[in-house]
Asks: 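Following this message is one structure expressed as structure tokens.
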Amino acid sequence: MKIVILTGAGVSAESGLGTFRDKGGVWTKYDLQEVATPEGFARDPAKVIDFYNMRRRNAAGAKPNAAHFALAKLQAEYAHEIALITQNVDSLHEAAGSEAIHMHGAHGQARCTSCDARWTAPLVMSLDDACPTCSETTTRPDVVWFGEVPLYLPEIAIHLRTADLFVAIGTSGTVYPAAGFVAEASQSGAKCLEINLEPSNVAGQFDEVILGPATETVPAWVERVLAGD
Ligand code: OAD
């Protein structure tokens, strides 16, 4: 039974990283048009670089939580195929020992818009940073902004088509295409499970919804899967 998992900001919430749309979330404090769009970057690149420097600094002190570790255990011990897709730009899945498909990029990576080279971002990026490959000062955080196409979509589409079980964890079902993955997986015959603090915007499309904090619900679900339930 192939399992395809999609995670969102809720999986990192208990590691101290803010979600986007909950009370006090990132998009209640910052205007996403200003800091998370190509147009915002063209208007005020320093502001955007500073925003991601702040997020990278916050994430640098964060540790993976029980949900990240449980998913890493599942990836290591599950006898069948498993794919872990994340919308998160933090590296907490990797810190817990997982391999994740980062469809919205990673704020620990920098990218050159001239030659498309990617490299590990310094903790504090600057507009004067030169690309290590072509030396142009056309660098940006390697994250996907609103209006840009997420990464790895062809690979993800294959996973969704071949999933037997699709599980969305800690995501509000607001941002497409990720919010549409449940419909894609369901149309291909997968059973769909949502694990979230509260029902997402697309909760009605899942066969089952488990509510509660990810550090409790995810380890309990992983134990059930590994026990063959
Ligand atoms: P959101 O902030 O939209 O949603 C977070 C979800 O996590 C909500 O449904 C919460 O109920 C849930 N949640 C909060 N705390 C939780 C906990 N302790 N345990 C379990 N669930 C919890 O974040 P995302 O859905 O990830 O994209 O947002 C999707 C995309 O929008 C992000 O990748 C980012 C953002 O703008 C870009 O920047 C392109």
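Just so it is clear, the values below take in all heavy atoms, side chains as well, and ignore hydrogens, waters and symmetry mates. Whatever order the structure lists them in is the order used to number ligands and atoms, beginning at 1. In what follows, residues are counted from 1 in the order of the sequence shown.
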Asks: Decide whether an N or O pair under 3.5 Å exists between Thr171 and ligand 1.
Replies: yes
Asks: How far is atom 9 (O) of ligand 1 from its nearest protein heavy atom, and which residue and atom name does that atom have?
Replies: Asn196 ND2, 2.9 Å
Asks: Please report which non-hydrogen protein atom sits nearest to atom 39 (C) of ligand 1, along with the residue it belongs to and the distance in Å to one decimal place.
Replies: Val144 O, 3.3 Å
Asks: Got the closest protein heavy atom to atom 14 (C) of ligand 1, with its distance?
Replies: Asp22 OD2, 3.4 Å
Asks: Starting from atom 3 (O) of ligand 1, locate the nearest protein heavy atom and write down its residue, its atom name and how far away it is, to 0.1 Å.
Replies: Ser172 OG, 2.5 Å
Asks: Using a 6.0 Å cut-off, check whether atom OH of Tyr152 has over 12 heavy atoms from anything other than its own residue.
Replies: no
Asks: Considering only protein heavy atoms, which is closest to atom 11 (O) of ligand 1, and at what distance to one decimal place?
Replies: Glu198 CG, 3.4 Å
Asks: I need the nearest protein heavy-atom contact for atom 29 (C) of ligand 1: residue, atom name and distance, please.
Replies: Gln87 OE1, 3.4 Å
Asks: Among all protein non-hydrogen atoms, which one is nearest to atom 32 (C) of ligand 1, and what is the separation to 0.1 Å?
Replies: Phe20 CE1, 3.5 Å
Asks: To check you understand the geometry: which heavy-atom pair defines the closest contact between Ala190 and Phe166, and what is its length?
Replies: CB-N, 4.3 Å
Asks: Pairs of nitrogen or oxygen atoms closer than 3.5 Å, one from Ala214 and one from ligand 1: do any exist?
Replies: yes
Asks: How far is atom 18 (N) of ligand 1 from the closest protein heavy atom, and which atom is that?
Replies: Glu14 OE2, 2.9 Å
Asks: At under 4.0 Å between heavy atoms, which part of His104 makes contact with ligand 1: side chain, backbone, both or neither?
Replies: side chain
